[in-house]
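Worksheet: one structure, shown below.
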Amino acid sequence: FVTSKRFISSPRPAFDFSNTQAAYTHLNDSSLLRSLVILQLCSIDAIVENSLKLMQLGEKVLPSPLFRRLMESTFYGHFIPGETHEDVVRSCERFRAAGIRFFPAASVEDELTDGEEEEDVLVEATLDANTTLVADSIQLAESLYDDNDRRNSKMAMKLSAIIKPRLLIMSFLCLIYFKIK
């Protein structure tokens with residue numbers, strides 16, 4: 001990880017969470033309760049470490065519509081701003097109206113490991129699909145910002161989902177080499 005003062009800015013925070021009444025006034029009681037429950041659940045290591053298994057169990061045990069409704073009203077509803085472009089825009093408008101900056105992330109779960117690099121066709125197809133998802137996410141994020149926000153906009157993405165692991169390692173080593181010189 002390479003840092004430089006020109007890349008790090010520390011603007012004054014746009015939102016003051018010490019005034020809890022103002023900070024949470026845009027949320028209704030059910031949203032606050034959901035946030036509290038999810039915060040508590042996410043603080044339990046066993047739940048976090050087994051989250052995928054628990055989700056898969058829920059998918060097997062519960063009927064599909066019930067499982068979907070449960071996820072939308074809990075974790076997905078808390079962490080995902082929406083399924084459609086319109087849903088995401090509405091969520092971001094609520095954040096903006098409350099004075100909260102949003103930080104979009106490209107949701108790409110397929111990540112390559114070094115062992116998979118021999119299967120070039122599969123690797124290239126995965127990288128292409130992931131790159132398309134990231135590009136779509138960037139376009140969506142860009143459309144969410146107004147002209148004033150665009151200058152300070154940021155977005156998270158996993159480079160290991162769109163670049164071969166060996167290339168990332170070689171790039172990192174080059175950065176270290178030239179940083180030392």
Side-chain angles (χ1 to χ4, degrees), residues 1 8-111 126 129-162:
F1 185 74
I8 299 174
S9 62
S10 54
R12 198 174 58 156
F15 201 78
D16 180 12
F17 283 97
S18 64
N19 181 349
T20 55
Q21 188 171 10
Y24 301 106
T25 191
H26 69 285
L27 296 174
N28 59 30
D29 291 345
S30 62
S31 293
L32 285 171
L33 181 60
R34 177 185 67 194
S35 298
L36 179 63
V37 168
I38 289 173
L39 177 65
Q40 292 302 312
L41 288 173
C42 290
S43 69
I44 301 170
D45 290 339
I47 290 176
V48 173
E49 291 166 6
N50 296 296
S51 60
L52 184 58
K53 290 178 188 174
L54 291 169
M55 194 167 119
Q56 290 168 339
L57 176 66
E59 282 180 303
K60 287 180 186 175
V61 174
L62 299 172
S64 183
L66 180 60
F67 176 75
R68 183 178 176 87
R69 199 170 21 229
L70 175 68
M71 292 306 292
E72 286 174 351
S73 64
T74 57
F75 290 94
Y76 281 20
H78 183 75
F79 292 109
I80 309 297
E83 288 188 52
T84 66
H85 180 84
E86 292 77 21
D87 292 343
V88 174
V89 168
R90 274 194 298 277
S91 293
C92 292
E93 285 172 353
R94 278 197 328 270
F95 292 144
R96 192 177 288 117
I100 299 172
R101 291 184 183 153
F102 45 93
F103 187 83
S107 180
V108 178
E109 298 304 323
D110 291 334
E111 187 173 316
T126 301
N130 289 349
T131 301
T132 300
L133 285 170
V134 169
D136 291 346
S137 297
I138 290 170
Q139 285 182 330
L140 172 63
E142 198 271 337
S143 74
L144 299 173
Y145 291 106
D146 62 22
D147 289 336
N148 292 331
D149 287 339
R150 211 167 272 127
R151 285 177 295 148
N152 295 318
S153 62
K154 294 168 182 54
M155 183 174 173
M157 75 172 78
K158 259 196 312 193
L159 290 178
S160 58
I162 60 173

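In this text, all values refer to a predicted model and were calculated from it rather than measured experimentally. By convention here, the first residue in the shown sequence is residue 1.
Counting heavy atoms from C-beta on, the side chains of Thr74 and His78 never come closer than 4.5 Å. Between Ser91 and Val88, every side-chain heavy-atom pair lies at or beyond the 4.5 Å cut-off. Here the side chains of Ser137 and Met155 are in contact, with some heavy-atom distance below 4.5 Å. No side-chain heavy atom of Tyr76 sits under 4.5 Å from any side-chain heavy atom of Arg68. Between Ser43 and Leu39, every side-chain heavy-atom pair lies at or beyond the 4.5 Å cut-off. In this structure the side chain of Ile138 reaches within 4.5 angstrom of the side chain of Met157, judged on heavy atoms.
Among all heavy-atom pairs drawn from Glu83 and Asp87, the shortest one is N-OD2, 3.4 Å.
Counting heavy-atom neighbours within 6.0 Å of Phe79 CZ, excluding the residue itself, gives a total above 12. The environment of Asp29 atom CG is sparse: at most 12 non-hydrogen atoms of other residues, nucleotides or ligands sit within 6.0 angstrom.
Rounded to the nearest 0.5 Å, atoms CG (Leu159) and CG (Asn130) are 12.0 Å apart. Taking CG of Leu70 as the start and CD of Glu59 as the end, the distance is 11.0 Å to the nearest 0.5 Å. Here OG of Ser51 is found 9.5 Å from CD of Gln56. Values are rounded to the nearest 0.5 Å. Here the OG1 atom belonging to Thr131 is positioned 11.0 Å from the CG atom belonging to Asp136, to the nearest 0.5 angstrom. In this structure, Ser64 OG and Arg69 CZ are separated by 10.5 Å, a value rounded to the nearest 0.5 Å. In this structure, Asn50 CG and Asp45 CG are separated by 10.5 Å, a value rounded to the nearest 0.5 Å.
A side-chain donor-acceptor contact under 3.5 Å links Arg34 to the backbone of Gly77.
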